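What follows is one structure encoded as structure tokens, with my remarks underneath.
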There are 2 protein chains.
Amino acid sequence: MDVDEAAARLLDTAERLFYERGVHNVGMDDLRSAAGVSLKRVYQCFPSKEDLVVAYLRRRHGWWMGSLRAYVAEHGQDVLAVFDWLDRWFREPGFRGCAFVNSVGELGATCPAVVDVALEHKRALRSYLGELADRAGIAGSHLALLVEGAISMAAVGGEPSAAQHARQAAEELLS
Amino acid sequence: MDVDEAAARLLDTAERLFYERGVHNVGMDDLRSAAGVSLKRVYQCFPSKEDLVVAYLRRRHGWWMGSLRAYVAEHGQDVLAVFDWLDRWFREPGFRGCAFVNSVGELGATCPAVVDVALEHKRALRSYLGELADRAGIAGSHLALLVEGAISMAAVGGEPSAAQHARQAAEELLS
DNA sequence: TACCGTAGAGAACGACCGTTCTCCGCCGCA
DNA sequence: TGCGGCGGAGAACGGTCGTTCTCTACGGTA
């Protein structure tokens, strides 16, 4: 197996395991065996666990924003489509809230790189939501509040309906 | 020092350290020395770290809800006072988001007791917000979304102004 | 065939952590 | 004074984890 494939497999596995269990609950050996990559390769691709965590978050940022953008674009850039996308996300098996919020809660105090990636993610999200909001005539910060609130409620409340409630609130704010 | 004082000191210290650094980043020995309690006493009061974590969350729940309720009561049960209280909380030094969200992100996958306490907390909060919302004529779920969203944005965005934006959104929903 | 760089498997290392155990000094009591 | 229980300090234990090292097998090249 060459380096690129090993790195890809590791990132796949890291994204799944870190998100499922939290970073502290996944050892390098768990990753190694789940990804089917030798430990030597692991450290060739990512010199430390922290590097792997940061790479995981960057990749997840790309997937998350990409998926949201694509869905909203398919629905005519309708700002309310954001909440439909959230609804689908919340109902996915294994949904465990925002990976960035979770990682900052776990590692933020000791690992500034994680905080940086999370900040970058949230800034990008808010900037994108700001664009959608401007077109629709709603305050960008209000839209962002509803989105973040829905994620938080779905995560620890276990209430996937949070997306629908947030959609209703957004409709009220639009009118 | 008797058992009760030792337990109280431990809880004080646990609340501070666990919240500041995250649970995994605080060892029993850190707690012991910061609280000035012998290790034997620690395990007399709390048979395991998990017990201490649960006790910490329960205590924080009491403090948090009590402080919010008291503030809102002082301000004539005005639903908007919730956001003023949040604003003050966000600006406290050492603010690091919702202790329950952080703990679930860190331990939720391995420790059901933590998930239970967090659920209990969120249910109590939503029930309280529901009462306030009913009186004011706004949907309880919308109010809860704004509150959760503000906490989340202030936590990882580092934007204490989230409380003010949420207040504005609530005012719009009220009118 | 002889050689060399590389890769994989997994042992080994050092640090840390939750928990338990040992030792010693102190106090009340006969 | 002698004794027995209690508390504190911290050593010790067992396990885990991140990281490095060792050993062996293999494939390409002269």
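Predicted model only: the values in this text are computed from it and were never measured. Order of the sequence lines fixes the chain letters, A, B, ..., with proteins taken first and strands second; residue numbering starts at 1 for each chain.
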N/O contacts under 3.5 Å, protein versus nucleotides 24-28 of chain C?
none

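- In terms of heavy atoms, R41(B) sits closest to A6(B) at CD-CB, 3.9 Å.
- In the hydrophobic clustering of ILVMFWY residues, with side-chain heavy atoms under 4.5 Å counting as a link, V54(A) and Y56(A) come out together.
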- Query: Where along nucleotides 7-18 of chain D does protein come under 4.0 Å, by heavy atom, of base (B) or sugar-phosphate alone (S), with - for untouched nucleotides?
  - Reply: BB--B------S
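- Hydrophobic clustering of Ile, Leu, Val, Met, Phe, Trp and Tyr side chains at less than 4.5 Å, counting indirect connections, unites W89(A) with L145(A).
- Legend: residues meeting ring pair (Phe, Tyr, Trp, His ring centres under 6.0 Å) with H121(B), ordered by chain and number and at least two apart, are H61(B), W64(B), F100(B).
- Ring-plane geometry between W63(B) and W85(B) is classed as tilted, the angle between the planes lying from 30 to 60 degrees on a 0 to 90 degree scale.
- Between the side chain of E106(A) and the main chain of H24(A), a donor-acceptor pair closer than 3.5 Å is present.
- Few gaps surround CZ on R91(B); more than 12 heavy atoms of other groups in view lie less than 6.0 Å from it.
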